[in-house]
A.B. asks: 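Quick one: the structure is below, and I'll ask about it shortly.
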Amino acid sequence: MTESVPERLPQRATAHTGESGGRGGPTGHEAPTRQNRRVTPLNIDDRSPTELRPGQWLSVHVYYSADRDPLLSDCVRPLFARLRRERLARSCYFLRHWLEGAHLRLRIQPAGLATVPDLTRVIEEDVGAYLHRHPAVHDPRTELSDTLYRERFHLEFSEDQWNARYGPDATRMPRRPDNTLAYVDYEPELARYRGPEGVALAEWHAQHSSDLVLGLLASAGTRSGSARLGTAAQLMAALALSVLRDTDRAVTFFDDRMAAWRTLFHERYSSYDAAYQRMAGPLGDKMTALCAGILDGQPERLPGHVRRWAAHGDALRTRIDGAARRGELVSDTGCGTTRPVGPDAARNVLLALFTHMLCNRLGVTASSEDYLASMLRRALAERG
């Protein structure tokens with residue numbers, strides 16, 4: 001479900017490659033590893049909604065190279081509300097992506113197969129009306145070079161996948177037309193999310209994460225870059241503390257998140273140190289309030305949206321632990337078999353994915369996510 005890759009490529013590829021489409025606009029993605037980048041499905045093949053089977057999700061890609069924040073707040077948010085209100089969908093979530101052009105991926109669980117025709121009609125009406133009123137105008141200054149697109153592809157996917165889709169002699173990834181909507185295949189990432197139960201848990205969480213972010217994007221409080229980073233830091237810390245229930249474990253978690261990105265961003269660490277010295281006091285106060293509200297039973301110290309997010313984190317921990325204890329979360333041994341994942345390991349694996357996708361939805365770059373992990377690790381360690 002993550003389908004993601006950093007917005008900045010290693011060392012020699014230094015051009016900004018953020019996804020939001022506006023100049024300097026951000027997005028965030030999961031750090032690729034040698035394990036996950038070879039098994040991640042492209043989820044880019046066209047698939048008619050009439051081919052859906054019971055229980056499957058409808059996947060809609062909206063290709064839009066301009067700033068996607070207004071598309072989310074002014075179109076996707078009311079669309080999701082309408083689909084639920086008219087009982088056409090059980091669940092909805094979104095993520096940002098770059099493959100074959102900047103786009104949003106809307107995942108919608110139909111209320112039933114009989115509702116699919118009305119579901120697609122409403123989607124096409126609402127999205128089509130927005131694209132007609134606010135068409136993206138391509139700006140070549142924000143376009144990645146063909147070389148960077150290919151390097152970015154290979155951070156997340158395999159050479160075999162490139163050859164199968166584009167051909168072994170292809171040097172350019174084709175781009176989908178701007179201001180278009182496509183119905184595509186959705187293959188859940190079973191290995192990454194530790195089996196079918198982990199995918200179901202991730203999809204449940206994704207709706208809560210999407211609803212939270214859509215509400216925040218509709219407010220004025222996240223429009224500036226610094227405000228959005230502050231919001232992301234607060235929500236990242238709140239989720240880690242509510243799922244892990246321990247400050248020291250949260251420190252270790254954020255240290256591990258930095259380790260996942262180290263090969264890409266280690267040259268920036270000296271600037272992280274200088275930045276932390278400037279903000280240590282205010283950030284420490286924020287962490288003290290978060291720890292008091294989440295760990296010490298003082299929820300009144302938390303802003304309303306953070307309090308609700310922490311409550312969701314508590315419910316998330318309960319569901320992760322229950323699934324792990326029932327043996328429903330598994331990892332691939334590499335020998336054609338699986339082994340159960342215990343609660344502690346499951347919390348850390350899934351929390352890393354969920355924290356990353358929170359940043360993706362907020363439009364926070366991978367480099368900024370790494371930076372925030374550094375700030376939070378130090379602030380929580382000093383509090384402890």
Side-chain angles (χ1 to χ4, degrees), residues 1-21 23-40 42 95-99 102 142-159 161-162 173 189 191-192 225-226 228-229 232-233 235-237 239-240 250-276 348-379:
M1 188 178 70
T2 58
E3 300 132 331
S4 47
V5 67
E7 92 292 353
R8 191 175 292 275
L9 302 175
Q11 296 181 9
R12 68 184 180 87
T14 57
H16 175 79
T17 60
E19 285 195 72
S20 73
R23 201 169 303 117
T27 191
H29 295 292
E30 181 190 355
T33 68
R34 291 186 182 275
Q35 287 184 313
N36 69 36
R37 71 180 180 180
R38 298 305 180 198
V39 299
T40 303
L42 297 179
L95 55 93
R96 305 177 190 238
H97 215 284
W98 57 273
L99 189 61
T142 66
E143 180 71 18
L144 295 182
S145 70
D146 292 338
T147 299
L148 286 179
Y149 253 126
R150 181 154 186 170
E151 288 185 0
R152 192 177 203 186
F153 184 98
H154 285 99
L155 279 171
E156 179 71 6
F157 307 110
S158 70
E159 183 70 19
Q161 287 173 298
W162 177 277
M173 177 191 298
E189 297 178 75
R192 180 170 287 170
S226 59
R228 187 167 307 198
L229 287 181
L235 295 175
M236 289 168 66
L239 190 63
V251 171
T252 300
F253 169 77
F254 286 118
D255 192 51
D256 290 343
R257 294 303 296 145
M258 290 187 67
W261 295 111
R262 189 160 285 128
T263 57
L264 296 180
F265 302 127
H266 64 92
E267 293 177 354
R268 306 181 182 193
Y269 287 177
S270 60
S271 66
Y272 292 178
D273 292 338
Y276 183 76
N348 280 286
V349 167
L350 294 177
L351 179 61
L353 295 168
F354 298 159
T355 299
H356 171 69
M357 291 313 298
L358 169 68
C359 289
N360 172 289
R361 294 186 177 101
L362 280 167
V364 169
T365 63
S367 56
S368 293
E369 182 182 347
D370 181 69
Y371 165 74
L372 293 177
S374 172
M375 300 298 105
L376 293 173
R377 175 183 64 85
R378 291 188 62 173

A.B. asks: For the residue pair W98 and F157, does the interplanar ring angle fall in the parallel (under 30°), tilted (30 to 60°) or perpendicular (over 60°) class?
C.D. replies: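 The rings of W98 and F157 sit tilted, inter-plane angle from 30° to 60°.
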
A.B. asks: Quick one: list whatever passes ring-ring contact (aromatic ring centres under 6.0 Å, His included) with Y371, sequence neighbours left out.
C.D. replies: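 So Y371 forms a ring-ring contact (aromatic ring centres under 6.0 Å, His included) with Y272.
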
A.B. asks: If you look at every heavy atom in A366 and W261, which pair is closest and at what distance?
C.D. replies: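 It is CB-CH2, 3.6 Å.
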
A.B. asks: Considering all heavy atoms of both residues, which atom of D273 and which atom of R378 are nearest to each other, and what is their separation?
C.D. replies: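 Looking at all heavy atoms of both residues, the shortest contact is OD1-NH1, 3.1 Å.
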
A.B. asks: Under a 3.5 Å threshold, yes or no: a donor from one side chain and an acceptor from the other, between T147 and S145?
C.D. replies: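 Side chains of T147 and S145: no pair found under 3.5 Å.
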
A.B. asks: Just jot down the salt bridge (Lys or Arg N to Asp or Glu O under 4.0 Å) partners of R262, sequence neighbours excluded, or say none.
C.D. replies: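 Not a single residue meets the salt bridge (Lys or Arg N to Asp or Glu O under 4.0 Å) criterion with R262.
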
A.B. asks: Can you name the side-chain hydrogen bond (donor to acceptor under 3.5 Å, both in side chains) partners of D256, sequence neighbours left out?
C.D. replies: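 By the side-chain hydrogen bond (donor to acceptor under 3.5 Å, both in side chains) rule, D256 matches no residue at all.
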
A.B. asks: Please tell me if the side chains of H97 and N360 come closer than 4.5 Å, counting only heavy atoms from C-beta onward.
C.D. replies: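 Answer no - side chains too far apart.
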
A.B. asks: Can you measure from CG (L155) to CZ (R150) and round to the nearest 0.5 angstrom?
C.D. replies: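 So the gap between those two atoms works out to 13.0 Å.
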
A.B. asks: Might you point out which heavy atoms bring C359 and M236 nearest each other, and give the distance in Å?
C.D. replies: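 Residues C359 and M236, closest heavy atoms: SG-SD, 3.7 Å.
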
A.B. asks: Which residues satisfy the salt bridge (Lys or Arg N to Asp or Glu O under 4.0 Å) test with D255, sequence neighbours excluded?
C.D. replies: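 By the salt bridge (Lys or Arg N to Asp or Glu O under 4.0 Å) rule, D255 matches R377.
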
A.B. asks: Excluding sequence neighbours, so at least two apart, what forms side-chain contact (heavy atoms from CB on, under 4.5 Å) with D146?
C.D. replies: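 With neighbours one apart ignored, the set is R172, R175.
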
A.B. asks: Assign the ring pair Y269 / H266 to parallel, tilted or perpendicular, where the plane angle (0 to 90°) is split at 30° and 60°.
C.D. replies: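 Because their plane-to-plane angle is over 60°, the rings of Y269 and H266 count as perpendicular.
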
A.B. asks: Please name the pair of heavy atoms, one in A240 and one in F253, separated by the smallest distance, quoted to 0.1 Å.
C.D. replies: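 Shortest heavy-atom separation between A240 and F253 comes out as CB-CD2, 4.2 Å.
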
A.B. asks: Minimum heavy-atom separation for R268 to S367, with atom names?
C.D. replies: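 Shortest heavy-atom contact: NH1-CB, 2.8 Å.
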
A.B. asks: Are any of the side-chain heavy atoms of R257 and D370 separated by less than 4.5 Å?
C.D. replies: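 They are not in contact (no side-chain heavy atoms under 4.5 Å apart), so the answer is no.
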
A.B. asks: Heavy atoms, side chains only, cut-off 4.5 Å: are M173 and L99 in contact?
C.D. replies: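 Yes, side chains in contact.
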
A.B. asks: Do the side chain of Q161 and the main chain of S158 share a donor and acceptor less than 3.5 angstrom apart?
C.D. replies: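 Pair found, side chain donor or acceptor close to backbone of S158.
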
